[in-house]
Amino acid sequence: MSKGDGLVRSRFYLLDDNEVEWEGKPCVRFWGVDEKGARICILSNLIMPYGYFLPNQQDDLETIRQKVIEDKKHFPGIISVSIETKKHLGQECKVLKITCATSDVRSGYSKELQKLVGKGEGFENDLRLPVRYMADLMLTPCGWNECETDKIKLDGAEGYDAYVASTAPKSVADDTVPTLRILAFYTLTVGEKGSAKPESDPIRAIALATTSGKSATLVSEKDDVKVLKDFVEFVKGYDPDIIVGFQTNTQDWLYLIQRSKAVKFKLAVGRDSSEPHTSVYGHVSVAGRANLDLFDVASGIPEVKVKTLENVAKYLQLDSAVKFTTFEEWDRSSLWAEESGRRKLIENASMSAQASLELARETMIFPMQLSALTGLPLDQVMAAATGFRVDSYLIRKAHQIGELIPGRNEQPYFTYRGAIVLEPKTGLHDDVAVLDFASMYPTLMEKYNLSPDTFIKPGESVPEDSVFIIPEVNHRFKTKPDGLYKTVLATLIHERLSIKALLKGASPKSTGYKVLKERERALKVITNACYGYAGWAGARWHVREVAESAAALGRETITKTITKAESLGLSIIYGDTDSLFVKNERAKVKQLLDWVEDELGLEIRVEREYRRVMFTEAMKRYAGLLPDDSLDIVGLEVVRGDWSDIARQVQEEVLGKILRDQSLEEAVEAVKATIRKLQKGKVPLADLTIRKTLTKPIEKYVVRTPHVEVAKRLMKEGWTLTVGDKVAYVITKGPGKLFQKAKPSSQVKPEDVDREYYLENQVKPAAMRILERFGVSEGQLET
DNA sequence: GCTCGTTGCTTACCT
DNA sequence: ACAGGTAAGCAACGAGCG
């Protein structure tokens with residue numbers, strides 16, 4: 001490579017970043033799209049890897065500094081050591097900043113320093129260089145950034161311009177999104193026996209679809225090397241910025257990677273012609289492009305119980321959903337065996353790619369907004385668990401205020417008391433209002449300055465008038481200065497409010513509306529996760545007392561509100577954590593709301609109004625009729641993914657007849673009709689299938705349950721099942737325990753079904769859960 | 001060896 | 001791999017039983 005044309009100002013929409021070595025130095029490579037729509041890559045080694053060391057207070061930093069610089073044997077690869085002022089848990093402190101020549105020596109010096117000075121603590125040496133850059137410079141992924149650059153020629157750079165940053169990049173406020181090229185793909189594999197194995201089973205087809213309309217279905221003729229080759233050609237030719245698919249991180253990419261290895265093919269799909277690799281949070285990383293698995297987006301739609309592309313597409317009413325069918329892997333080999341089946345599979349492959357593309361278009365704004373908010377690159381943000389999204393957000397905020405970023409040392413864990421749930425008043429209630437505290441925990445955390453850096457340890461003395469003492473648990477927090485959580489939550493809450501205000505004035509059809517809406521959602525997600533994050537042992541800023549205090553304040557809040565409601569003569573029907581269900585006497589409700597706002601200083605709203613609502617004796621399970629005549633069903637079998645459809649349907653019918661039509665008779669009739677259908681064998685297998693998730697590796701189970709036994713059987717037959725997979729089974733006739741009667745749904749014939757089980761253990765319990773509240777006995781369901 | 005009540009594993013839900 | 005609180009089904013266990 002050679003230095004080129006001199007300085008230019010580059011403004012770029014940041015899509016991806018990664019660490020590389022360049023000119024012998026650790027360096028970050030930013031990938032993005034510039035204002036003219038050119039794809040660009042910017043190299044920067046303006047920040048070298050570094051971390052901090054906080055020694056004991058009495059230690060003389062200058063002496064230690066000298067020792068570290070001179071002792072090359074114990075401290076290799078250190079470029080410079082300086083003394084800086086930072087904050088640790090809100091207290092100003094002097095620390096050593098240790099800058100390293102390479103990333104790999106970073107974690108070693110802390111231990112050496114501890115040996116040298118006896119005590120002390122290392123900070124920030126676990127942050128990878130791209131994270132370092134993003135936080136130090138507050139760069140925005142899925143947002144615009146700019147810097148002075150020097151154009152360079154980079155060997156093998158095709159389709160993009162390469163630069164070296166000569167000034168530090170910085171974020172630019174600009175909500176526009178450039179036109180991005182999205183590629184959706186689907187890989188068709190067929191197993192000879194059981195799941196397809198990359199060592200022996202070729203890729204049968206790869207279907208591709210793009211936002212520009214260009215599409216292809218690459219079908220394997222003799223061997224699949226040609227398909228792999230054409231796939232790479234297609235990717236390079238189209239040069240996508242974003243690659244999407246469904247379950248690509250766990251299926252397609254893994255198969256492509258392993259298959260390529262098996263046939264010794266270089267899967268050079270990266271912008272730098274590198275191969276994809278599995279990276280943090282278990283996602284697959286493709287250099288220069290954002291690889292997004294839409295399955296992770298679908299995980300955020302709880303209404304869809306079985307997360308297949310087909311179900312998600314149907315739920316979102318995508319165009320491609322109309323003709324879509326899911327061909328499960330056990331159906332594929334017989335289909336592939338003959339010409340018409342083959343055609344169907346290939347046709348469906350191209351529809352899958354098409355559906356993924358539509359799904360991406362429909363849902364991508366949220367991931368992009370969450371990426372911009374948290375600072376995690378687009379390909380990581382949806383793969384990362386909630387805790388890591390908050391972690392990323394806090395790292396950036398902490399850096400901004402000069403607070404040292406602690407490591408993630410897993411600490412011993414203690415649980416604590418949580419929220420209050422009230423025993424419901426059972427039966428039917430007309431005209432009920434549901435009152436809800438707005439963002440209760442975040443608000444309480446902000447109000448009482450609950451934070452790791454304001455928490456006063458037991459025994460520590462402080463002036464009494466500058467302390468919040470939390471009821472019941474007696475934890476103490478400084479009223480001043482603002483803690484990290486307060487600072488962060490105040491920003492999040494404030495920003496969310498201002499977006500809400502903007503949304504009120506905007507037309508839902510305007511271009512910016514959806515972006516704002518999704519940004520608002522991203523803010524809400526992060527705001528609401530802060531409480532749980534504080535109580536999570538894996539959190540960098542985990543302090544159990546913070547979460548415990550928020551919960552205690554929540555209990556106090558709801559208890560006081562209940563007392564007030566009762567004194568106003570409002571009948572309380574139910575309540576959970578931050579909600580109260582009361583008889584909708586509007587004048588009294590208004591009085592209560594005003595009281596909460598005036599006396600407690602918290603916002604409370606009428607969240608919903610039920611024309612009618614019913615409770616069983618159980619908490620967290622009820623059903624209500626909304627003003628628009630729709631049913632709101634909570635916690636009951638209808639909304640549970642681990643009951644058969646037949647049971648869920650009959651319960652929903654019963655609830656409809658009772659709440660909407662107010663006819664107990666019709667409800668009973670509906671159940672009888674279902675029972676007759678079941679007894680006649682007229683209920684399709686699909687409605688009898690029960691699905692449960694494998695939540696741990698199969699060998700970790702200590703109890704034999706239907707879904708685990710079925711999973712074991714399938715695995716023995718050569719099917720691949722992993723944690724997170726749903727196991728579909730049907731209970732069949734025969735002797736023994738339930739787990740012995742459960743068979744994989746794909747292997748059950750209609751005549752094998754144990755109708756008695758479905759009658760006694762699915763349909764009747766689901767129906768009776770509701771009906772027994774109204775005096776119906778099981779005998780009355782006899783047909 | 002069987003029945004019956006209790007315990008605990010397991011999943012999925014609610015806020 | 002954000003928290004705790006809850007329901008519910010079923011397997012496993014142990015006591016009682018001539």
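In the text below, chain A, chain B and the rest are named by the order of the sequence lines, each starting its count at 1.
- Of the inter-residue distances, the one linking A:Ile405 atom CD1 with A:Phe123 atom CZ reads 10.5 Å to the nearest 0.5 angstrom.
- Evaluation of the salt bridge (charged side-chain N to carboxylate O under 4.0 Å, His left out) rule for A:Arg608 yields A:Asp632 as partners, not counting sequence neighbours.
- When heavy atoms are screened at a 4.0 angstrom cut-off, A:Tyr701 is found touching the sugar-phosphate backbone but no base atom.
- Across all strands, A:Gly535 comes closer than 4.0 Å only to sugar-phosphate atoms, never to a base (heavy-atom distances).
- If you take CD1 of A:Ile633 and C1' of B:dC13, they are 14 Å apart, rounded to a whole angstrom.
- Checked against salt bridge (charged side-chain N to carboxylate O under 4.0 Å, His left out), A:Asp126 has the following partners two or more places apart in sequence or in another chain: A:Arg540.
- Between B:dC13, B:dC14, C:dG5, one nucleotide has an atom nearer to the side chain of A:Val634 than all others, and that is B:dC14.
- At a threshold of 4.0 angstrom between heavy atoms, the contacts of A:Gly635 are confined to the sugar-phosphate backbone, with no base atom among them.
- Contacts of A:His283 classified as ring-ring contact (aromatic ring centres under 6.0 Å, His included), with partners at least two apart in sequence or in another chain: none.
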| said: Show, in sequence, the C-alpha distance, side-chain angles and deciding distance for A:Ser644 and A:Gln762, and conclude whether the side chain to side chain donor-acceptor pair (under 3.5 Å) test is met. | reply: CA-CA 7 Å; A:Ser644 61; A:Gln762 292 279 323; 2.8 Å; yes
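- With sequence neighbours left out, the ring-ring contact (aromatic ring centres under 6.0 Å, His included) criterion links A:Tyr610 to no other residue.
- Heavy atoms of A:Val708 sit nowhere under 4.0 angstrom from any nucleic acid atom.
- Checked by atom type and distance alone, the side chain of A:Thr326 never pairs as donor or acceptor with a backbone atom of A:Glu328 at under 3.5 Å.
- Contacts between residues 610-626 of chain A and DNA chain B, defined by a heavy-atom separation below 4.0 Å, involve A:Lys620, A:Tyr622, listed by number.
- Regarding A:Phe388, its CZ atom lies at a distance of 9 Å from the P atom of C:dA1, rounded to whole Å.
- With sequence neighbours left out, A:Phe615 forms a ring-ring contact (aromatic ring centres under 6.0 Å, His included) with A:Tyr574, A:Phe581, A:Tyr622.
- Applying the salt bridge (charged side-chain N to carboxylate O under 4.0 Å, His left out) rule to A:Arg519 yields the partners A:Glu495; only residues at least two apart in sequence or on another chain are considered.
- Within the 4.0 angstrom heavy-atom criterion, no nucleotide atom of any strand lies near A:Val390.
- Nearest to the side-chain atoms of A:Ala385 among the listed nucleotides C:dG4, C:dG5, C:dA1 stands C:dA1.
- Every ring-ring contact (aromatic ring centres under 6.0 Å, His included) that A:Phe468 has, sequence neighbours left out, goes to A:Tyr448.
- Rounded to whole Å, atom C1' of C:dG4 lies 17 Å from atom CZ of A:Phe414.
- Remark: C1' of C:dA8 and CD of A:Gln651 are 12 Å apart, rounded to the nearest angstrom.
- Atom CD in A:Gln380 sits roughly 16 Å away from atom C1' in C:dA1 (whole-Å rounding).
- Listed pair A:His707 / B:dT11 meets the phosphate criterion, a side-chain N or O lying under 4.0 Å from OP1 or OP2.
- Within the 4.0 angstrom heavy-atom criterion, only backbone atoms of the sugar-phosphate kind lie near A:Arg417; the bases stay farther away.
- The distance between atom CD of A:Glu423 and atom C1' of C:dG5, rounded to the nearest whole Å, is 12 Å.
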| task | Begin with the C-alpha distance, continue with both residues' side-chain angles, and end with the deciding distance and a verdict on ring-ring contact (aromatic ring centres under 6.0 Å, His included) for A:Phe388 and A:Trp536. | result | CA-CA 11 Å; A:Phe388 294 103; A:Trp536 172 43; 5.5 Å; yes
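- Straight-line distance from the CZ atom of A:Arg640 to the C1' atom of C:dT6: 10 Å, rounded to whole Å.
- Distance NZ (A:Lys764) to P (C:dA8): 19 Å, rounded to an integer number of Å.
- Taking atom P on both nucleotides, B:dT10 is separated from C:dA1 by 15 Å, rounded to a whole Å.
- Applying a 4.0 Å cut-off to non-hydrogen atoms, the residues of residues 690-699 of chain A that approach DNA chain B are A:Lys692, A:Thr693, A:Thr695, A:Lys696, listed by residue number.
- Looking at residues two or more places apart in sequence or on another chain, you find no salt bridge (charged side-chain N to carboxylate O under 4.0 Å, His left out) involving A:Asp725.
- The side-chain hydrogen bond (donor to acceptor under 3.5 Å, both in side chains) check on A:Arg128 picks up nothing, with sequence neighbours excluded.
- As judged by a 4.0 angstrom heavy-atom cut-off over every strand, A:Phe437 is placed among residues making no nucleic acid contact.
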Please list, for nucleotides 9-13 of chain C, all pairs of protein and nucleotide N/O atoms separated by less than 3.5 Å.
residue, atom, partner, partner atom, Å
C:dC10, OP1, A:Tyr757, OH, 3.0
C:dC10, OP2, A:Asn761, ND2, 3.2
C:dA11, OP1, A:Leu738, N, 3.2
C:dA11, OP1, A:Phe739, N, 3.2

